[in-house]
Amino acid sequence: MKELLGTAGFFGTAGTVGADLSYLLAVVFTAMFTTSWVLAKKGEGTKHHNLVFISMVSMVIYFTVYYFFRQLGVLALEGKEGFGGPEEVYNGVFVPILSVHLFLVTMGLILAFYMVIQGFRSSKKIEGKYVLTEGDLKVRSTTFKKVMLILLGAWGLNQIILTFVRHASWQSSLAWALIFGTIALVISLEKAIEKWLPDGAKRHRVLGRGTMVVYILILVTSTLTYLMLYVIYPAKPV
Ligand code: HEM
């Protein structure tokens, strides 16, 4: 698989199959999310929900596979050698764009999980159709405590497995602590978000639009990264 991903790509650029495939999928996912936005705008709550759900599951599968095969994105894979342009462009343009891209991807993944859960919480199925329910939507403090305790328990269990079964490195424990920490932070942020946008339906619309904009920006930054790496400044042959 790794060898296949490293062969010449199908777009006719300097990109490999891995690079072309990940770019193609970035376009497909953005198209799916944008279509689900159009469906929501047309008041097609159920179709919107279905498409968002499929898009999110495929996106998470894609990122997991991508992570295994290409490790944390182009920089880790290509290194500086993958970029054939001048040093100033690398440091002043390419790295900042790539950093913004990685930041947006992280935000996009967190927001996707948040929005799917928020979508279920803020909508009701009426005669088989999802509709947003107007009115205050708050997490009860007992539920909040329960969720935090479950999260703590899951982290503890995972840490026991990491330490005693998998004998994993401290870096791996740290990565997992950061993942669980981020989830806890997002759940805690919900309290602040509730104050800012108490109405569940409005919260879904405002944050949903923000999420959609993040997805579009992810496509913009991945297009720029792709163009710089494989069209404008491909690596010089050694
Ligand atoms: C990544 C996840 C999601 C995003 C980014 C998202 C985004 C949005 C946006 C932007 C709107 C408002 C459209 C507009 O007026 O501009 C919307 C509406 C809506 N969403 Fe979501 N959504 C997500 C997940 C869900 C889920 C999981 C459900 C259901 C369980 C859901 C149910 C609805 C409903 C019922 C509406 C109202 C449609 C109408 O106006 O009739 N959403 N969503």
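As the structure lists them, so they are numbered: ligands from 1, and atoms in each ligand from 1. Because the structure is a prediction, the values reported are computed rather than measured. Any value given below was found using the heavy atoms of this structure, including those in side chains, with hydrogens, waters and symmetry copies removed.
Protein atoms of type N/O/S that fall under 2.8 Å from atom 21 (Fe) of ligand 1 number 2 in this view.
Considering only heavy atoms from C-beta on, V28 stays 4.5 Å or farther from Y62 through its side chain.
Listed by number with element, the atoms of ligand 1 under 4.0 angstrom from any heavy atom of W37 are 10 (C), 13 (C), 14 (C), 16 (O). Near F120, with a cut-off below 4.0 Å to any heavy atom, the atoms of ligand 1 are 30 (C).
In this pair, F120 and H49 present their aromatic rings perpendicular. The plane angle is above 60°, beyond the 30 to 60° band. F11 and Y226 have perpendicular rings, their planes meeting at more than 60° on a 0 to 90° scale where under 30° would count as parallel.
Looking from atom 35 (C) of ligand 1 to the surrounding protein, the closest heavy atom is Y130 O, 3.5 Å. Among protein heavy atoms, the minimum distance from atom 41 (O) of ligand 1 is reached at G43 CA, 3.3 Å.
With a 6.0 Å radius and a threshold of 12 heavy atoms from other residues, nucleotides or ligands, M107 has its CE atom at or below the threshold.
At under 3.5 Å, a nitrogen or oxygen of R209, whether backbone or side chain, sits near a nitrogen or oxygen of ligand 1.
Contact between V60 and F113 at its shortest, heavy atoms only, is CG2-CZ, 4.0 Å. Taking all atoms of both residues into account, the shortest heavy-atom contact from S222 to H101 is CB-CE1, 3.4 Å.
At a 4.0 Å heavy-atom cut-off, ligand 1 touches M212 through the side chain alone. Of all the heavy atoms of V131, the ones lying under 4.0 Å from any atom of ligand 1 belong exclusively to the backbone.
Under a 3.5 Å cut-off, the side chain of T133 and the backbone N or O of S122 do form a donor-acceptor pair.
Each of T13, T223, T225 was scored for a side chain to side chain donor-acceptor pair (under 3.5 Å) with Y23, with one residue passing: T223.
Residue pairs meeting the salt bridge (charged side-chain N to carboxylate O under 4.0 Å, His left out) criterion with at least one member in residues 167-194, sequence neighbours excluded, are R121-E190, E190-R203.
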